[in-house]
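Below is one structure, written out as structure tokens; comments come after it.
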There are 2 protein chains.
Amino acid sequence: MASDSAAPKPQERVAASVRREQILAAASRVFGERGYYGATTDLVAKAAGISQPYVVRMFGTKENLFVEVLDRALGKLLVAFHAALDEAASKQETHDEMKTRLGAAYADLIGDRGILLSLMQAFITGHEPVIGERARSGFLEIYQLLRDKADMDPDEVVEFLAHGMLFNTLIAMRLVDQLDADDPCVPELLEHTFRTKLDIVVNTVTKNDTTSAADARKTA
Amino acid sequence: MASDSAAPKPQERVAASVRREQILAAASRVFGERGYYGATTDLVAKAAGISQPYVVRMFGTKENLFVEVLDRALGKLLVAFHAALDEAASKQETHDEMKTRLGAAYADLIGDRGILLSLMQAFITGHEPVIGERARSGFLEIYQLLRDKADMDPDEVVEFLAHGMLFNTLIAMRLVDQLDADDPCVPELLEHTFRTKLDIVVNTVTKNDTTSAADARKTA
DNA sequence: CTCACTTGTAATCATTCGATTACATCAATG
DNA sequence: CATTGATGTAATCGAATGATTACAAGTGAG
């Protein structure tokens, strides 16, 4: 214990632009898991493997950091949808095929953990002036994309969004790592919600947790 | 300032059982609006018109209070669904009529503000051991009720739950008091989501806010 | 080499928050 | 009336948290 003189501190210096991305990735996970209030700048710092003051200095305030995470998440979602639409158009798919493709694109976002959960956390923080405003405008942006670029009528869009919100909620609720519970309802509900994407969801969400990055660093 | 001798303190004593209900009602609003972490025992106390230590002594911990709010909300939801099912059965309604009735019962819960939002806040706090466990079991309880007592097959239940989650999300996002915004998408999205219940949602959610009870007390 | 800039942290501060303690005040009961 | 329990708060405490300051150490240009 006291004779631990081996590695006093690796102290590897990294370009600020790289650190910024690392912090945003860590913040996405932490905010997605604990929400705006429940997440602390120190948790983000530990998840990113750096000190808490660095996080604050890089983004000024916790609110700024959250907004940046939110903007990134929205951007990735919109890019994924645009890509799916382009793909569907290039293959001259039917309307239903395109909708399936959009749903798959949404589900695949789970691979980049934190995106959907950060969005969800932002949505239910509507009472915060800055965050709420950004969340609302972002949601409307998604709505308009689906309606205009995907030629969906309002009812179809609502349907699509509704399933997306259930998707997010079940993941946030952590029902996905209760697949082996004694209640047979769990797999039934999950299978009928996630369909062909269930394996992706379970495999990406069950693995790791918020503190994995910090733990790995400490262990190493 | 110093000559203020008019009303030093009304100090009306109320039975603890009544206070308990007042606190739970206030907590339901505060937790529903700000979530588990964002809500403070002092905000709840102010909304209930009492002191912060009283809130803590009555429920022991903030977590206990939240769980009790969650249990109440779940109970009210289940009661509302059971009532709707009984009503549908007594009138020998069709399957679709019953589903419409269930949807209406859900929407009417908005009248008791905080219920749906507290539930939603609990759902996305799945990482908290105690709250998460209760949220998951409650969600499964709802699922089973709809599947077994309402004779819905899993796909129908998922469909129903999905729309419920979008419902909750739009309210939490505060899109409902943006009806008069310049973006014509807002009324379109809201109308296609809330249908005939839009007026109820707008009228109950737009009015008042968390601090209304405390403000009224102070003003009086 | 040296100077200036970048990257990074330890230490600390002021606030906030949940919780505890001690105390006050009202009401019922004998 | 006096006693006792219920109702309620002021004061305060310790821990957590976002933010600030001061400082250390690496890096590249001239």
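A, B, ... follow the sequence lines: proteins, then strands. Residue 1 opens every chain.
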- Task: Remember a base hit wins even if backbone is also touched, and classify B:Ala45 as base, sugar-phosphate or nothing at under 4.0 Å, heavy atoms.
- Result: nothing

- Item | Whether B:His127 and B:Tyr37 hold their rings parallel, tilted or perpendicular, with breakpoints at 30° and 60° | parallel

- Message: On the side chain of A:Arg57, is there an atom forming a donor-acceptor pair with the base of C:dG8 - under 3.5 Å, no angle test?
- Response: yes

- Message: Contact list please: residues 118-130 of chain B against DNA chain C, heavy atoms, distance less than 4.0 Å, in numerical order.
- Response: none

- Task: Indicate, yes or no, whether a donor-acceptor pair under 3.5 Å links the base of C:dT6 to the side chain of A:Arg13.
- Result: yes

- Item | Pair A:Lys197 + A:Glu191, salt bridge at N-O below 4.0 Å | no

- Task: Counting heavy atoms from C-beta on, name the nucleotide in C:dA19, D:dG8, C:dA11 closest to the side chain of A:Pro53.
- Result: C:dA11

- Message: What is the distance, to the nearest angstrom, from the CD atom on B:Gln52 to the P atom on C:dT16?
- Response: 14 Å

- Query: Which part of the nucleic acid, if any, lies within contact of A:Ser51, taking any heavy atom under 4.0 Å across all strands shown: a base, the sugar-phosphate backbone alone, or nothing?
  - Reply: base

- Query: In terms of side-chain geometry, is the basic nitrogen of A:Glu33 or A:Arg113 positioned less than 4.0 Å from the acidic oxygen of its partner?
  - Reply: no

- Message: Please report the distance, rounded to the nearest Å, between CD in B:Glu63 and P in C:dC17.
- Response: 18 Å

- For B:Lys149, all residues meeting side chain to side chain donor-acceptor pair (under 3.5 Å), sequence neighbours excluded: none

- Query: B:Tyr54 has a side chain; which of D:dT9, C:dT7, C:dT20 sits nearest to it?
  - Reply: D:dT9

- For A:Ser137, what residues pass the side chain to side chain donor-acceptor pair (under 3.5 Å) criterion, not counting sequence neighbours? A:Arg134

